[in-house]
**Q** 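Would you mind keeping the following structure in view while I ask a few things?
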Amino acid sequence: MNIFQPIGKAFLGFLGAAGRLTLFAVISVSHCVRPPIYPRLIGRQMIEIGYYSLPVVGLTTLFSGMVLALQSYTGFARFSAESAVPNVVVLSMTRELGPVLAGLMVAGRIGAAMAAEIGTMRVTEQIDALTTLSTNPHKYLVAPRLIAGLTMLPLLVLVGDIIGVFGGYLISVYKLGFNPAIYIKNTWQYMESLDVVSGLVKAAVFGFIVALMGCYHGYHSRGGAQGVGAATTNAVVSASILILISNYLITEMFFAK
Amino acid sequence: MTAATNSTPKIRATNLHKRFGRKVVLDGLDLDVAVGESVVVIGGSGTGKSVLLKSILGLMEPEEGSIEIDGQPVIGLSTGDREKINRKFGMLFQGGALFDSLKVWENIAFGLIQGGHTDRAKARDIAYAKLADVGLTPDVGELWPAELSGGMQKRVGLARAIATTPEIIFFDEPTTGLDPIMADVINDLIVKCTRELGATTLSITHDMASARKIADRIAMLYNGKIIWQGPTSQIDSSGNEFVDQFIHGRAEGPIRMEVRAP
Ligand SMILES: Nc1ncnc2c1ncn2[C@@H]1O[C@H](COP(=O)(O)OP(=O)(O)OP(=O)(O)O)[C@@H](O)[C@H]1O
Ligand SMILES: [Mg+2]
C-alpha cells in the first residue's frame with residue numbers, strides 16, 4: 001500500500017511524454033528550416049488551415065463581437081459607462097477573444113484532421129513506406145503543417161478581429177443606438193498596435209501548438225481505428241489545454257507590469 | 001542463378017535479436033542473400049517475418065546483432081546515411097501502404113520525384129510505363145488508391161516498389177488475400193520484374209505455391225531462428241520435420257501452434 005508509487009510512476013510518465021514531445025518538436029522544426037522544402041505541400045496545408053477555416057472563425061468572432069457589445073452595454077449601464085463599449089469590444093477582441101476563439105476552433109477542426117490523417121498513415125504503414133522511399137516523414141508530413149499553422153492562424157485572427165469588431169458595431173449602431181461615426185472613431189482612438197500585435201503573436205503560437213499536437217499524436221498512434229480515434233481526441237484536448245496555458249503566459253509576458 | 005558464395009553478400013544478417021517486452025521474436029537469426037539471388041522466408045503467422053524485414057529496412061532496431069548491406073553495417077545509421085541506403089531498396093508492403101492522398105501515378109512516381117529528384121513530367125512517363133509493366137491500363141493512373149480493388153492495389157504497390165529500379169526489393173506477403181489466379185499473376189510479375197531488373201530480392205510468404213515460383217532459395221523461420229534453408233528444388237526432400245509439416249500444412253507435428261483450448 002504505497003501511495004507514492006503510482007504518483008511517482010505518473011510523474012515519470014509525464015516527464016517521458018514531455019521529453020518525447022520536445023524531441024519531436026525540435027526535429028520537426030529543424031526540418032522546417034533545412035532544404036528541401038515542399039512548397040506544394042505547404043500551400044495545400046495553408047489553404048486547408050487558412051481558407052477553409054474562415055467560415056468557422058468568421059461566424060465565431062462575429063457572434064462573440066455582438067455578444068460582447070450587448071453584455072458590456074448592459075453591464076456598464078449600471079455605472080453609466082456605456083460609451084466605453086467600442087473600446088471594450090476592440091480590446092477584448094484583439095487581445096483575447098480573437099486569438100483564443102480562433103485557436104480553439106482551429107484545434108477542433110484542423111488538429112483533429114491532422115491527427116486522423118497522420119494516424120491513419122501510421123497504422124496503414126504509409127509512414128513506413130515514406131521512409132523506405134527515402135523521404136523523411138518529419139519533413140514531408142510534419143514540417144509543412146507546422147509552417148502553415150504558424151503563418152495562417154495570425155491571418156485568420158486578423159480577419160476574425162475585423163469581423164468581431166464589426167459584429168460589435170452592428171449591435172451598437174442598430175440596436176443600442178450608437179452614432180456610427182463616433183463608434184468607429186472611438187474604436188480607432190483607443191486601440192494600440194500592441195493590442196493587435198500581442199493577439200497575432202498569440203495566434204502564431206496557437207497555430208504552432210495545434211499543428212504540433214495534431215502531428216505528434218497522429219505520428220505516435222498505434223493499433224488501428226481505435227488508436228487513431230484516441231489520437232484525434234488527445235490532439236484536440238491537449239492542444240486546447242496548451243492554448244489556454246500559453247495564452248496566460250503570453251499575456252503575462254506582454255502586459256504584466 | 002545463385003551467385004558465387006565467396007563474394008560479399010548483398011544482405012547479411014548476423015545473430016539478430018529482437019524482443020517486444022518479454023516476448024522474444026528474433027533470437028539469433030542469421031541470413032545471407034547473395035547478389036542477384038531471390039530468397040523467400042517462410043514461417044508461421046507471428047514468427048517475426050515482418051519484424052525481420054522491418055529491421056533490415058531500418059524501421060525497427062534489433063537489440064543485438066548486425067545487418068550489412070553490400071558489406072556496410074547499417075544498424076544505427078544517421079537519418080541521412082539511412083536515406084542513402086534506402087535508395088537501394090524497393091518494398092512491397094503487406095497491406096499495400098499506398099499514399100491515399102496521392103493519385104496512383106503519383107504513388108508510383110513518388111520515389112523518383114522525392115528521393116531521386118527526377119522532374120515531374122519525366123517521372124510521370126516512367127510511372128505510366130511501370131503501370132503497363134504490371135498489367136494495368138493507363139486510365140488507372142488517374143484514379144485514387146481507394147478506388148482500386150485489393151489486387152490492383154498490390155500491383156500498384158509492386159509498380160511503386162520497382163519504379164526506382166532498386167538493387168534490392170522486399171516483398172512482404174505479396175499474394176495473401178488474393179484469389180489464386182491473381183496470386184499467380186503477381187508471382188509472374190515479381191519473377192518478370194526482378195529478372196528484368198537483375199535485382200536481389202527477399203520475400204516473405206506463407207503461400208507455398210508462391211514461394212516455389214519466385215524463390216531460388218527458401219529459408220524457414222521458426223522460434224526466432226532460421227531452422228532450415230536450401231535451394232527451392234530441395235524443399236520437398238529437406239528431411240526437416242518442421243519444414244515438412246509447414247509445406248504440407250498439417251496441424252499435427254513438431255510445430256505447436258499457440259492455440260489454447262477454451
Ligand atoms: N510494434 C510491435 N510491438 C509489439 N509487438 C510486435 C510489434 N510488431 C510485431 N510484434 C510482435 O512480433 C511478433 C512477430 O510479428 P510479425 O509481424 O513479424 O509476424 P509475421 O511473421 O510477419 O506474421 P504474419 O505472417 O501474420 O504477417 C508477433 O507476435 C507480434 O505480436
Ligand atoms: Mg507479416
Side-chain angles (χ1 to χ4, degrees), chain A residues 23-24 26-32 34-45 47-48 110 113-145 148 214-215 218-225 227-228, chain B residues 20 50-51 53-60 77-102 106-118 120 123 145-146 153 156-157 159-164 166 168-173:
Chain A
L23 190 64
F24 185 87
V26 169
I27 293 175
S28 303
V29 169
S30 78
H31 279 287
C32 294
R34 266 185 298 159
I37 49 170
Y38 299 117
R40 186 188 291 265
L41 296 175
I42 297 174
R44 195 193 289 170
Q45 292 301 325
I47 291 174
E48 193 59 46
I110 300 296
M114 284 179 180
E117 187 180 352
I118 296 182
T120 306
M121 292 185 72
R122 163 62 73 200
V123 300
T124 56
E125 294 182 318
Q126 291 179 50
I127 293 185
D128 289 345
L130 270 183
T131 312
T132 54
L133 289 162
S134 294
T135 303
N136 191 311
H138 284 277
K139 187 174 282 301
Y140 187 81
L141 293 175
V142 182
R145 287 169 170 79
C215 294
Y219 194 84
H220 292 285
S221 65
R222 55 183 70 235
V228 175
Chain B
F20 295 100
S50 297
V51 169
L53 272 202
K54 285 182 181 170
S55 301
I56 297 174
L57 285 163
L59 301 169
M60 283 180 182
L77 281 185
S78 71
T79 336
D81 290 338
R82 186 80 229 183
E83 271 174 29
K84 274 188 210 115
I85 293 287
N86 279 0
R87 274 185 229 291
K88 295 183 181 179
F89 294 162
M91 166 84 180
L92 174 61
F93 281 86
Q94 193 164 354
L98 300 178
F99 305 124
D100 41 31
S101 60
L102 298 177
E106 290 173 311
N107 262 284
I108 300 173
F110 192 91
L112 296 164
I113 296 173
Q114 304 298 344
H117 308 293
T118 317
R120 260 179 101 75
Q153 288 186 5
V156 174
R160 184 175 72 178
I162 61 174
T164 52
I168 306 171
I169 315 179
F170 301 94
F171 300 102
D172 193 348
E173 305 198 7

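Computed from a predicted model, the values in this text were never measured in an experiment.
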**Q** Of all the residues in residues 124-131 of chain A, which have a heavy atom that comes within less than 4.5 Å of a heavy atom in chain B?
**A** A:Thr124, A:Glu125, A:Gln126, A:Asp128, A:Ala129, A:Leu130, A:Thr131
**Q** B:Leu92 versus chain A, heavy atoms under 4.5 Å apart: side chain, backbone, both or neither?
**A** neither
**Q** With chain A as the partner, which of B:Leu57, B:Asp100, B:Thr164 has the greatest number of non-hydrogen pairs under 4.5 Å?
**A** B:Asp100
**Q** Rounded to the nearest 0.5 Å, what separation is found between the CG atom of A:Leu133 and the CE atom of B:Met91?
**A** 10.5 Å
**Q** Check whether B:Lys54 gets within reach of chain A through its side chain, its backbone, both or neither, counting any heavy atom under 4.5 Å.
**A** side chain
**Q** Going by side-chain hydrogen bond (donor to acceptor under 3.5 Å, both in side chains), name the residues that satisfy it together with B:Arg120, two or more places apart in sequence or in a different chain.
**A** B:Glu106
**Q** A:Thr132 versus B:Phe93: any side-chain heavy-atom pair under 4.5 Å?
**A** yes
**Q** So, A:Tyr140 versus B:Phe99, ring centres under 6.0 angstrom or not?
**A** no
**Q** Side chain, backbone, both or neither: which part of B:Leu98 has a non-hydrogen atom closer than 4.5 Å to chain A?
**A** backbone
